[in-house]
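Some notes on the structure that comes next.
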2 protein chains.
Amino acid sequence: MARRRMSNPLALAVLALLNERPMHPYEISTTLRERRKADSIKLNFGSLYTVVESLERAGCIVATRTVREGRRPERTIYAITDAGRVELDDWMAELVSTPVKEYTRFEAALSLLPVLPPDDAVRMLSERRQRLLEESEAAKATARLATVENLPRIFRLEGEYVDALRDAELRFVDALITSIATRELDGIELWDVFHADAARPEEMHALVTAVKEKIAGGRWGELTPALLAEMETLSGGPAAIEGGGDGTTGGGPR
Amino acid sequence: MARRRMSNPLALAVLALLNERPMHPYEISTTLRERRKADSIKLNFGSLYTVVESLERAGCIVATRTVREGRRPERTIYAITDAGRVELDDWMAELVSTPVKEYTRFEAALSLLPVLPPDDAVRMLSERRQRLLEESEAAKATARLATVENLPRIFRLEGEYVDALRDAELRFVDALITSIATRELDGIELWDVFHADAARPEEMHALVTAVKEKIAGGRWGELTPALLAEMETLSGGPAAIEGGGDGTTGGGPR
DNA sequence: ACCCTGATACTCGGCGGCGAGTAATCGGTA
DNA sequence: TACCGATTACTCGCCGCCGAGTATCAGGGT
């Protein structure tokens, strides 16, 4: 039991299917597609065979027999082991009970949004908003159809989850667009400045540094939960961090 | 320009920083941490150097000079190119304007939730709920501190985004827990049945198959937007898909 | 004068993901 | 019967990701 958990959720899906009955990898893949699991768990052939092999090495599954029908290629049939069943339960427990940070592209883009001129940002955010609206409509239609077809909600939980997240993102994008367009967004004048005067990187850098000095007395980039805790435990004034600014490596806003 | 876009958002962050001024990779990494970008963009040393090398191959950045201070290891300083600036803008535009499906662990877990007994599921979901609540509190505190410290909202957009998503997830989990605990969840009797009678995989499989037959006349797994569109364009009755059940592998449409 | 810690600045080997490629068979058609 | 495309069932090799490891130096303490 000294092994580290696999990271690919596809392995979890494999365990879940083999927990129903033994299968060969190709059947696993078709079943996954048939049950729409592939919408929630990234599936492709290469990874599937990699993952199966790795599960076998870990002792979670065993190749029971290889069958050949006619002169078709051999099919290796795998079955789950007791260790595999334990792993399945443990892994599910961990995934359900413990939230972990996931890095999304849009979050990355938002953190770099100031590299775009505000006008462009509004235009692109509006495009995103439009696309999200369309997806949301399609999702609602699918949900209606699911109801009509008597598909119990149990089998659509993932769908409802992504729908909920999409709607939240939609509201966020909506509000963001408005606050930029109406120029209510706090700090928008800084954003303008990055794209107005600073035609050359050199000047831009000077501006960024100047801005930095004005925020929190140069202690920018230290607004972490850790710092917060520190400030609250140390009763009294706002925690004089050693030495004002550092000067050297100092960079842009954030 | 015949190259395909890189997939690692870290490369985007590198471009964004080099757009301010030339740097060497290690300084990029420290700056990224300093500005808290590493909270939104996965950063580690290995990937950083891989990504820099790959950007250089693509002509987006160039090594301008290598400096050595004292007998320290050499520092290779990179600068962005015109092609790199174009790439930066294009990539940002794409990320902001086009939503793409991201696979999260929790979505995967939800899609496999029926492998857990309902009681266990409630317990684990409650644990998640608790953890999310704590994260949410910490986030609110951080936000307050940011306000106090005069950090303009522009530089906290990513944070507000993840906060919004977390709150949405919290509401979803809350509702889910309730609907399972009160047994209002549609289809919960099926869920019970998986864990009640079926002590052995064989019987479980029989049950699953039986259930499958009852849903939408065996056409389970076909509830896709594509099918929906098809049904709506073909005016008239609910689109008699060719032949009732297919029996064998049944490949769902997609 | 000596050591120890921490920051600096990468290097390297392995592993996992992935998608194009392969090869055989089945079913329908001319 | 000959052919074509779809389906079945994988294989292979590249490349990106990653984190532990390495080597150097500055600064502070004793």
Side-chain angles (χ1 to χ4, degrees), chain A residues 3-14 22-34 38 41-58 63 65-78 103 108 242-243 246-249, chain B residues 3-14 22-34 38 41-58 63 65-78 102-103 108 242-243 246-254:
Chain A
R3 59 169 207 286
R4 210 160 56 269
R5 165 120 54 223
M6 315 207 39
S7 63
N8 194 338
L10 182 55
L12 186 70
V14 169
M23 292 185 185
H24 54 98
Y26 187 76
E27 188 182 3
I28 292 176
S29 85
T30 51
T31 307
L32 246 25
R33 277 196 235 278
E34 204 184 308
I41 298 171
K42 209 184 338 179
L43 165 66
N44 63 44
F45 290 103
S47 308
L48 178 61
Y49 287 90
T50 306
V51 146
V52 164
E53 196 182 344
S54 145
L55 281 173
E56 191 182 17
R57 271 205 311 277
R65 62 188 193 281
T66 65
V67 182
R68 112 167 2 202
E69 289 177 9
R71 239 181 313 142
R72 296 271 203 80
E74 281 192 349
R75 299 178 310 177
T76 307
I77 296 186
Y78 292 88
Y103 295 87
E242 87 262 37
D246 53 5
T248 57
T249 52
Chain B
R3 62 170 204 288
R4 210 161 56 271
R5 167 122 53 222
M6 317 207 37
S7 63
N8 193 338
L10 182 56
L12 186 70
V14 169
M23 292 185 186
H24 54 98
Y26 187 78
E27 188 182 3
I28 292 176
S29 84
T30 52
T31 309
L32 245 26
R33 277 195 234 277
E34 204 184 307
I41 297 170
K42 211 186 334 182
L43 165 66
N44 64 42
F45 290 104
S47 308
L48 178 60
Y49 288 91
T50 307
V51 146
V52 163
E53 196 183 344
S54 147
L55 281 172
E56 191 182 19
R57 272 204 312 275
R65 62 188 191 283
T66 66
V67 183
R68 109 163 8 200
E69 290 176 9
R71 240 181 314 142
R72 294 269 203 80
E74 280 191 348
R75 299 177 311 178
T76 308
I77 297 186
Y78 293 88
E102 318 251 8
Y103 295 87
E242 86 262 39
D246 50 18
T248 58
T249 50
R254 198 276 144 72

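Every chain is numbered from 1, with letters handed out A, B, ... down the list of sequences. No hydrogens, no waters, no symmetry mates; every other heavy atom, side chains included, goes into these values.
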What is the distance, to the nearest angstrom, from the [atom1] atom on [X] to the [atom2] atom on [N]?
| X | N | atom1 | atom2 | answer |
| --- | --- | --- | --- | --- |
| A:L48 | C:dG16 | CG | P | 15 Å |
| A:Y78 | D:dC10 | OH | C1' | 11 Å |
| A:L10 | C:dG19 | CG | P | 13 Å |
| A:M6 | D:dC18 | CE | C1' | 16 Å |
| A:Y103 | D:dG16 | OH | C1' | 18 Å |
| B:L43 | C:dA9 | CG | C1' | 14 Å |
| A:F45 | C:dA20 | CZ | C1' | 12 Å |
| B:L12 | D:dG16 | CG | P | 17 Å |

Does [X] put a side-chain nitrogen or oxygen below 4.0 Å from OP1 or OP2 of [N]?
| X | N | result |
| --- | --- | --- |
| B:R33 | C:dT8 | no |
| A:H24 | D:dC10 | yes |
| A:N44 | C:dG17 | no |

Looking at the side chain of [X], which of [options] is the nearest nucleotide?
| X | options | result |
| --- | --- | --- |
| B:S7 | D:dC17, C:dT11, C:dA7 | D:dC17 |
| B:T30 | D:dG16, C:dT8, C:dG16 | C:dT8 |
| A:K42 | C:dC18, C:dA9, D:dC10 | C:dC18 |
| B:Y26 | C:dT8, D:dA9, C:dT11 | C:dT8 |
| B:Y49 | C:dG19, C:dT11, C:dT8 | C:dT11 |
| B:S47 | C:dG17, D:dC17, D:dA9 | D:dC17 |

To the nearest 0.5 Å, how far apart are [atom1] in [X] and [atom2] in [Y]?
| X | Y | atom1 | atom2 | answer |
| --- | --- | --- | --- | --- |
| B:E27 | B:E34 | CD | CD | 9.5 Å |
| A:K42 | A:S47 | NZ | OG | 7.5 Å |
| B:N8 | A:Y103 | CG | OH | 11.5 Å |
| B:I28 | B:M23 | CD1 | CE | 6.5 Å |

Exercise. Applying the side-chain contact (heavy atoms from CB on, under 4.5 Å) test to A:L10, which of A:I41, A:V52, A:L55, A:N44 qualifies?
Worked result: A:I41
Exercise. 5'-most contact on DNA chain D: B:S54 or B:G46, nearest heavy atom basis?
Worked result: B:S54
